[in-house]
Trainee: 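Please find one structure pasted underneath; my questions will follow.
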Amino acid sequence: MPLLTDRFARTHRSLRISIVDKCDLRCTYCMPEEQHFLHRDKLMTRGEIRTLAALFVGEYGITKVRLTGGEPLMRPDVVEIVRDMAALPVKLGLSTNGMRLHLFAEKLKEAGLQHLNISLDTFDAERFRQLSRRDGHGRILANIEQALELGFHVKLNMVVMRGINDDELLRFVGLTQHRNVHVRFIEFMPFAGNKWGRERVYTYAEMLGRIGSVHAVEKLDDDPHSTAKAYRVKGWKGTFAVISTVTEPFCGSCDRLRLTAEGKMRNCLFAREETDLLTALRNGDDLAPLVQANVWAKHKMLGGLPAFQPDTQQEVLHGLSTRPMVSIGG
Ligand code: SAM
Ligand code: SF4
C-alpha cells in the first residue's frame with residue numbers, strides 16, 4: 001500500500017494508541033463519576049494493535065508511538081505490547097499514572113521502553129485523594145523514584161488548575177534543579193464530564209510570569225512538531241515545558257493521530273468524528289481509504305471547536321465530543 005500523500009507523510013509522524021479505557025484512578029479532570037468501560041472483546045487485541053501500528057509505521061510514515069489509556073498498566077499484556085512496539089522503527093513512549101509501575105517497570109525496560117510520561121498533579125496526599133478519588137499517592141512518588149533509578153527518560157505531567165494546585169507550580173519547577181527530570185505543565189482542557197471552566201485554566205502566561213518572578217529562565221529550542229514549549233531555569237539540570245492547548249493552541253504544527261482502545265481513529269484530541277478501523281480490520285476491508293478520509297477531514301483548529309476563550313465557554317462546552325479524556329487517550 002503506497003503512502004497516502006506526501007503531505008500526510010510530512011505532517012503526521014506521531015501515533016497515540018490507547019490500549020485500554022479503564023483506569024485505577026478517577027481524576028476529576030479526566031473521568032466523569034459515572035464512567036462505563038468497554039467489554040474486553042471490544043478492545044483491540046495485542047495482535048490487532050501490532051497490525052495497526054505496523055501499518056501506520058510501515059505505510060504512513062509514523063515515527064513515534066506512545067501507548068496510553070485509560071491506564072495502560074491495567075492491561076495484563078502491556079509488556080508484550082511494548083515488546084511488539086519496540087520492534088518497530090519508532091521512538092516509543094508510554095503514559096501512566098504511575099500507580100502500578102512497580103509491578104512492570106523492570107519488565108518494561110527489558111522489553112525496550114525508554115520514555116515514560118508519568119502524571120503527577122500534587123505533592124499533597126490529601127489533595128491527591130480529592131483529585132483522583134483514590135489513595136496511592138505515596139506509591140506513585142516511590143514509583144517515580146524507581147523509574148528514574150532504572151534510567152527511564154521521565155517526563156512528569158502536571159495539569160495545572162487555578163485554585164486547585166497552581167500553588168505547587170514552583171515546587172514542581174524545583175524538581176528540575178538537581179535531577180534530569182522534565183516537568184510539563186498542562187493547561188486544563190475541556191472534555192466531556194470534566195466540569196471545565198475557563199476561569200479554572202491557569203494559563204501559560206501566568207505560569208511563565210510566576211516562574212520568571214523567582215527564577216532566571218531560558219527558552220530552549222522546541223521540536224517543530226512539539227506540543228510543549230520548553231524552558232530551563234538557568235544552570236539547572238532538568239527542564240520544564242508548558243502545553244498551552246487552551247491559550248495558545250498549536251494545531252498548525254500538531255503531527256498526532258490517535259487510536260482509541262476499541263480501534264477508532266481520531267485526527268485530533270477534540271475531534272467529534274472518528275473512523276472505525278478495528279471493525280474494518282476484522283472484516284478484512286482495505287484500510288487505506290478510511291485512513292485517508294480521516295486525515296483529510298481534520299479541522300484547522302481544535303477539532304472545529306471555537307477558540308477556548310472566556311466569551312466562547314458555552315459554545316465550547318456545547319460542542320465537545322461525548323468522549324471523556326479517559327476514553328480518548330491523551
Ligand atoms: N492514565 C495515564 C496518565 O494519567 O498519564 C494516561 C492517560 S491520561 C488521559 C494522559 C494525560 O492526559 C495525563 O497526563 C493527564 O494528566 C492528561 N489529562 C487528562 N485530562 C486532562 C485535562 N482535562 N486537561 C489536560 N490534561 C489532561
Ligand atoms: Fe486515569 Fe490518567 Fe485519566 Fe487520571 S488522567 S483518570 S490516571 S486516565
Side-chain angles (χ1 to χ4, degrees), residues 14 16-35 37-38 66-75 78 93-101 104 108 115-122 127-137 139-140 143-144 147 152 154-162 164-166 172 182-198 200-204 207 227-228 241-247 249-250 256 258-261 266 269-270 302 305 308 316-317 320-321 323-330:
S14 173
R16 299 282 156 100
I17 307 177
S18 173
I19 61 173
V20 64
D21 65 331
K22 279 202 193 90
C23 190
D24 42 1
L25 300 184
R26 294 180 172 259
C27 304
T28 53
Y29 52 75
C30 177
M31 195 196 299
E33 266 167 77
E34 293 293 315
Q35 177 66 14
F37 300 116
L38 292 166
R66 172 167 295 282
L67 299 176
T68 184
E71 174 48 46
L73 302 187
M74 296 281 288
R75 188 149 168 159
V78 61
L94 180 141
S95 296
T96 174
N97 61 31
M99 274 282 274
R100 295 160 64 88
L101 199 50
F104 293 104
L108 290 171
H115 298 270
L116 269 179
N117 282 12
I118 307 178
S119 293
L120 183 72
D121 303 311
T122 179
R127 191 174 272 182
F128 172 84
R129 194 174 297 122
Q130 283 166 15
L131 264 176
S132 67
R133 304 178 187 123
R134 289 289 183 274
D135 290 322
H137 188 247
R139 165 57 67 194
I140 292 172
N143 286 350
I144 291 172
F152 280 107
V154 174
K155 288 182 183 164
L156 292 182
N157 285 342
M158 175 196 193
V159 180
V160 190
M161 290 163 285
R162 186 186 311 287
I164 308 267
N165 62 351
D166 62 292
F172 274 83
H182 307 278
V183 179
R184 304 200 312 169
F185 301 117
I186 311 177
E187 287 182 340
F188 177 28
M189 295 182 246
F191 294 103
N194 79 350
K195 302 197 173 78
W196 183 79
R198 182 59 175 75
R200 280 265 183 254
V201 179
Y202 195 79
T203 68
Y204 172 33
M207 293 184 210
T227 55
V242 182
I243 300 180
S244 59
T245 317
V246 174
T247 62
F250 32 76
R256 284 154 188 68
R258 291 182 155 76
L259 273 181
T260 67
R266 297 172 62 87
L269 204 44
F270 301 105
L302 301 172
L305 290 171
F308 299 157
V316 168
L317 291 173
L320 286 176
S321 150
R323 259 186 202 277
M325 178 58 142
V326 66
S327 78
I328 296 173

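Order of appearance sets the numbers: ligands from 1, and atoms from 1 within every ligand. Computed from heavy atoms alone, side chains included, the values below leave out hydrogens, waters and symmetry copies.
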Trainee: Going by the atom numbers of ligand 1, which of them fall below 4.0 Å from some non-hydrogen atom of Glu187?
Mentor: 24 (N), 25 (C)
Trainee: Counting each atom of ligand 1 from 1 as listed, which ones have a heavy atom of Ile186 under 4.0 Å away?
Mentor: 25 (C), 26 (N)
Trainee: May I ask you to check whether Glu71 and Thr96 show a side-chain donor-acceptor distance below 3.5 Å?
Mentor: yes
Trainee: List-wise, which protein N, O or S atoms are found short of 2.8 Å from atom 1 (Fe) of ligand 2?
Mentor: Cys23 SG
Trainee: What are the two closest heavy atoms between Pro249 and Leu302, and how far apart are they?
Mentor: CB-CD2, 4.0 Å
Trainee: Distance under 4.0 Å to a non-hydrogen atom of Phe191: what atoms of ligand 1 satisfy this?
Mentor: 22 (C), 23 (N)
Trainee: Within the distance-only criterion (no hydrogens, no angle test), does the side chain of Asn143 pair as donor or acceptor with the backbone N or O of Gly98 below 3.5 angstrom?
Mentor: yes
Trainee: I'd like to check which ligand 1 atoms, numbered from 1 as shown, lie under 4.0 Å from a non-hydrogen atom of Asn157.
Mentor: 14 (O)
Trainee: In ligand 1, which numbered atoms sit nearer than 4.0 Å to a non-hydrogen atom of Phe188?
Mentor: 23 (N), 24 (N)
Trainee: With respect to Glu71, determine whether any N or O atom, backbone or side chain, lies less than 3.5 Å from an N or O atom of ligand 1.
Mentor: yes
Trainee: Looking at the rings of Phe191 and Tyr29, which for Trp means the six-membered one, are their centres under 6.0 Å apart?
Mentor: no
Trainee: Does Asn194 use its side chain to pair, donor to acceptor, with the backbone of Pro324 at less than 3.5 Å?
Mentor: no
Trainee: For Leu317, is there any backbone N or O sitting under 3.5 Å from a side-chain donor or acceptor partner on Trp196?
Mentor: no
Trainee: Has ligand 1 got any nitrogen or oxygen that is less than 3.5 angstrom from a nitrogen or oxygen of Asn194?
Mentor: yes
Trainee: Any nitrogen or oxygen of Val159, main chain or side chain, under 3.5 Å from a nitrogen or oxygen of ligand 1?
Mentor: no
Trainee: If I apply the N/O under 3.5 Å rule, does Thr68 come out as touching ligand 1?
Mentor: no
Trainee: When you measure from atom 18 (N) of ligand 1 to every protein heavy atom, which one gives the shortest distance, and what is it?
Mentor: Met325 CE, 3.8 Å
Trainee: What heavy-atom pair brings Arg266 and Ile328 nearest, and what distance separates the two atoms?
Mentor: NE-CG2, 3.6 Å
Trainee: Which of these, Gly98, Pro324, Gly330, Pro190, has its nearest heavy atom closest to atom 11 (C) of ligand 1?
Mentor: Gly330
Trainee: For a quick test of reading the model, state the closest non-hydrogen atom pair linking Gly69 to Ser18 and the distance between them.
Mentor: CA-OG, 3.4 Å
Trainee: Looking at Leu94, Leu101, Asn157, which hits side chain to side chain contact (heavy atoms under 4.5 Å, CB included) with Ile118?
Mentor: Leu101
Trainee: Does some non-hydrogen atom of Met158 fall short of 4.0 Å from ligand 1?
Mentor: no
Trainee: Minimum distance, heavy atoms only, to atom 13 (C) of ligand 1: which one of Ser132, Ser119, Gly329 is it?
Mentor: Ser119
Trainee: Donor-acceptor pair, Arg26 side chain versus Ser132 backbone, under 3.5 Å?
Mentor: no
Trainee: Is the side chain of Arg200 donor-acceptor paired with the backbone N or O of Arg162 at a distance under 3.5 Å, no angle test?
Mentor: yes
Trainee: Who's closest to atom 1 (N) of ligand 1 heavy-atom-wise, of Cys23, Gly70, Cys30, Gly69?
Mentor: Gly70
Trainee: How far is atom 21 (C) of ligand 1 from its nearest protein heavy atom, and which residue and atom name does that atom have?
Mentor: Tyr29 CD1, 3.5 Å
